[in-house]
Amino acid sequence: MSATLDADLAPLHTLALRARAERLAVLADLAELPDLLAQAGPQLRVLGGGSNLVPAERVAGTVLKVELKGRQLLGEDEGAWYVAAAAGENWHDFVQWTLAQGWPGLENLSLIPGTVGAAPIQNIGAYGVELKDCFHALTARRLDDGSVCVFTAEQCAFGYRDSVFKRVEAGRWLITDVLFRLPKAWRPKLDYGDLRARLDGAEITPQAVADAVIAIRRSKLPDPAVTPNAGSFFHNPVVPAEQAAALKARHPALPLYPQADGSAKLAAGWLIEQAGWKGRRLGPVGMYAQQALVLVNHGGAGAADVAALMQAVRADVLERFGVMLQPEPVWW
Ligand code: EPU
């Protein structure tokens, strides 16, 4: 197996920052993993589609690009289909394939960039559905000794854009396969934003929901192939009920999403827009003109440019609203 030294990471992540890896190895066959781990040394980072990543200009150690492929129906019972996919499968292609097979459930998650293996790490979500809603289990290898472990949903400890793989287990595992449970009793989920309105008049099928989600995303979110970005750059902040009420009293237009525990999720995009950052640039980076929550690279940026803009946006939102935004991507 060969590795590339001083590899260009710009084409391997969607923010297209100036970034190089000391060593890049590609994993297309699990049988090669033991050799690869033996050669990699202690600093090993796993790369999927690179759609939620801010790499430094020089990334030390080995970057392991996962290109494991394969997807299949593993079984079914009265209630559900059980569908497995390898970590290197493209997420959107996988979703479209499940729909074409007649196994709905993932349609609201159409067009999210990235790979199947990265999807559980931040429990990807959109339009009222999160990965955890259709998740059954995943298989992973420990990076230190290559041993195999199966994680149930409970063990993954999924939260809003969060899992155990972003916390205590961060950097320790290579996810190889994800198993989904897609219930046979399909119920469309249309309550988020203008999704129902988009479908107005059309027959509501899983593919029609997918098409509506795709249309909404295309109208709001920049295509990374044209305008490099990492999707939402900040989490929508969750604040205690009292703080939410006080903010709402002062800013009646603030979008608020009450949570089950009484707290409230605020729309970070709105806060950033009100703080004056929508469409505004700092050096080669800026907040996107159609969706202020998305940080875009206008060309030639490195991680330091991203960090500078992040700090400026956070400082202004904190000063204006008393809310500290937290970045969504992983930093290397
Ligand atoms: N808003 C503004 N100005 C903006 C952007 C948004 O006022 O510049 C307002 C909107 O008008 C709306 C609210 O904020 O009232 C929410 O906006 P939107 O529906 O566009 O969703 P979001 O909260 O900004 C979240 C996810 C997206 C996901 C959409 C749809 C996070 C951090 N982001 O964005 O996920 O696609 O909802 O479900 O939770 C991602 O994580 O990378 C991502 C794109």
Side-chain angles (χ1 to χ4, degrees), residues 13-15 48-54 91-92 95 106-115 118-133 158-163 166 189-198 209-210 212-224 227-239 244 247-248 251-259 263-280 286-296 310 313-314 316-317 320-321 323-330:
H13 74 289
T14 60
L15 257 173
S51 57
N52 196 47
L53 180 66
V54 183
W91 174 262
H92 176 68
V95 171
L106 299 173
E107 54 282 350
N108 292 47
L109 303 178
S110 293
L111 213 63
I112 295 181
T115 57
I121 294 177
Q122 69 153 343
N123 180 29
I124 59 171
Y127 305 101
V129 175
E130 289 183 333
L131 171 120
K132 71 170 174 54
D133 302 331
F158 292 121
Y160 164 58
R161 295 294 190 280
D162 195 32
S163 78
K166 283 191 96 171
K189 302 206 178 64
L190 306 175
D191 291 334
Y192 187 95
D194 47 0
L195 187 50
R196 195 181 298 276
R198 279 271 172 170
V209 175
V213 166
I214 290 168
I216 296 172
R217 289 187 73 97
R218 288 218 167 107
S219 72
K220 282 191 180 175
L221 297 168
D223 177 355
T227 308
N229 72 88
S232 296
F233 195 81
F234 297 99
H235 292 265
N236 282 328
V238 178
V239 301
L247 279 167
K248 189 77 183 167
H251 310 280
L254 167 70
L256 268 185
Y257 310 98
Q259 305 293 292
S263 62
K265 197 188 266 185
L266 313 178
W270 189 90
L271 301 173
I272 295 167
E273 179 173 350
Q274 297 305 308
W277 278 101
K278 189 172 189 170
R280 188 168 147 203
M287 303 312 291
Y288 189 54
Q290 270 81 55
Q291 217 312 359
L293 192 47
V294 179
L295 185 151
V296 296
M310 175 181 79
V313 170
R314 287 174 108 184
D316 286 355
V317 168
R320 213 170 148 159
F321 299 103
V323 175
M324 181 61 113
L325 295 179
Q326 300 301 337
E328 197 185 271
V330 171

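Just follow the structure's listing: the first ligand is 1, and inside any ligand the first atom is 1.
Less than 4.0 angstrom separates some heavy atom of Arg217 from each of these atoms of ligand 1: 36 (O). Numbered from 1 in the order shown, with element, the atoms of ligand 1 that lie under 4.0 Å from a heavy atom of Ala267 read 13 (C), 14 (O). Residue contact check: Pro255 has heavy atoms under 4.0 Å from atoms 15 (O) of ligand 1.
Residue His235 has no nitrogen or oxygen atom sitting less than 3.5 Å from a nitrogen or oxygen atom of ligand 1, judged on distance alone.
Looking at Val317 and Phe234, their side chains never come closer than 4.5 Å, going by heavy atoms from C-beta outward. Between Val213 and Leu111, the closest side-chain pair of non-hydrogen atoms is not below 4.5 Å. Side-chain contact between Ser219 and Arg198 is present, with at least one heavy-atom pair separated by less than 4.5 Å.
Distance screen at 4.0 Å: atom 26 (C) of ligand 1 has a protein heavy-atom neighbour inside the cut-off.
The two residues Leu131 and Pro120 come nearest to each other via the heavy atoms CD2-CA, 3.6 Å.
When hydrogens are left out, the protein atom nearest atom 40 (C) of ligand 1 is Ser232 OG, 3.2 Å; that is the closest non-hydrogen contact.
Judged by distance alone, with hydrogens and angles left aside, the side-chain atoms of Asn108 form a donor-acceptor pair with the main-chain N or O of Tyr127 at under 3.5 Å.
Comparing Phe234, Trp270, Tyr257 against atom 13 (C) of ligand 1, the shortest heavy-atom distance belongs to Tyr257.
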